[in-house]
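Beneath this line is the structure, given in structure tokens, with notes to follow.
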Amino acid sequence: MGGTATLMRTAEKINAEYNLEKWASVRELIDAAIARHGDDLSRCFWEVVRQVRGKPGLERANTVYGGEIHELPKAAVWAGYHGTIAEILQNEIRPDTRVIAELGSGWGLYLFLLWLRGAPADASYYALEFTENGRLCTEAMATVEPRMAIRALPFDFYEPDYREIESDGHALFFSCTAIEQIPQLPSRAIEGLLDRAPRVTGIHLEPVGWQFRDEVGEPGRHGTTRAYAEEQDYNRNLWQTLQALEKRGLIAIETAIPDEIGVKTTNVLSVIKWRKI
């Protein structure tokens, strides 16, 4: 699927950008929110989200829906972005879902968002995150809601270890702008999920539309490009990796929608859904 000679997305780069900068600052916001709101998860969570997003208001900004650019108030851009992602994920939660796990979970935003929107109270939630501060953020926010069974585990896409995750029902694994940080995703990062439960669904919300939009017949959509992915050293093989697993009879790709939603017009999320066979 192409590549570049320049390797930017190294462990050191991720540690500096996310662990030491982004998630360290979010951890301070979480601590401050908890000090103000105590055991009210909703108040703590939304205060942090609003701070992280820069207190979006009525100023206009471009957003992408369905591969087309629209100008909307920033408040609507972010509300629509988070809401759409949550709905996509919630639509895959079933009565027998016992595990909900995010690969590359950052500070835990989407796991807590799903909980607040009514995801199963009896499921086990897993925040699989490379950075220590990302995991500490999740653990801090989790103290506010003791009913939520959530664990933050060290995770590396290049050396994935899923042994602590197991279910006798359905498991939902998802990623959101996490695989983008992995220039060449190893097959084991996906294949290793398949023996964690009898029934497994995978959802990837990643800016990889250029990898398959021509193949699925949507060449005119606005989204990320091969050139942008190479310039940023973003992922170049997620679609290829999933196709190879499908050809081996391990998974079935059920949904592939390029360039569906984005708050950054050069880095639009695509939606890919697969299930274990």
Discussion item. With heavy-atom distances below 4.5 Å as the criterion, would you say the side chains of Leu172 and Val99 are in contact?
Written reply: no
Worksheet item: Any chance the rings of Phe112 and Tyr110 have centres within less than 6.0 Å?
Response: no
Worksheet item: Can you check whether Gln181 reaches Ile14 side chain to side chain, under 4.5 Å on heavy atoms?
Response: yes
Item to complete: Mind running ring pair (Phe, Tyr, Trp, His ring centres under 6.0 Å) on Phe155 and Tyr162 for me, showing each step along the way?
Response: CA-CA 9 Å; Phe155 178 70; Tyr162 302 115; 5.7 Å; yes
Discussion item. I need the full list of ring-ring contact (aromatic ring centres under 6.0 Å, His included) pairs touching residues 40-60, with sequence neighbours left out, sorted by first then second residue.
Written reply: Phe45-Trp107
Worksheet item: What pairs with Tyr125 under ring-ring contact (aromatic ring centres under 6.0 Å, His included), at least two apart in sequence or on another chain?
Response: Trp115
Worksheet item: Got Leu205 and Ser175 here, is their nearest side-chain heavy-atom distance under 4.5 Å?
Response: no
Item to complete: Find out whether Pro56 and Val77 are in side-chain contact, i.e. whether some heavy atom of one side chain is under 4.5 Å from a heavy atom of the other.
Response: no
Discussion item. Closer than 4.0 angstrom, basic N to acidic O: yes or no for Glu254 and Lys273?
Written reply: yes
Worksheet item: Taking the six-membered ring for Trp, are the ring centroids of Tyr18 and Phe130 within less than 6.0 Å of each other?
Response: no
Worksheet, complete the sentence: Residue pairs passing the side-chain hydrogen bond (donor to acceptor under 3.5 Å, both in side chains) test with at least one member in residues 53-69, sequence neighbours excluded, are Arg53-His82
Worksheet item: Is it true that Arg98 and Glu166 have a side-chain N and a carboxylate O under 4.0 angstrom from each other?
Response: no
Worksheet item: Is it true that Glu218 and Arg221 make a salt bridge, defined as a side-chain N closer than 4.0 Å to a carboxylate O?
Response: yes
Item to complete: Give a yes or no on whether a salt bridge exists between Arg248 and Glu191, defined as a side-chain N under 4.0 angstrom from a carboxylate O.
Response: yes
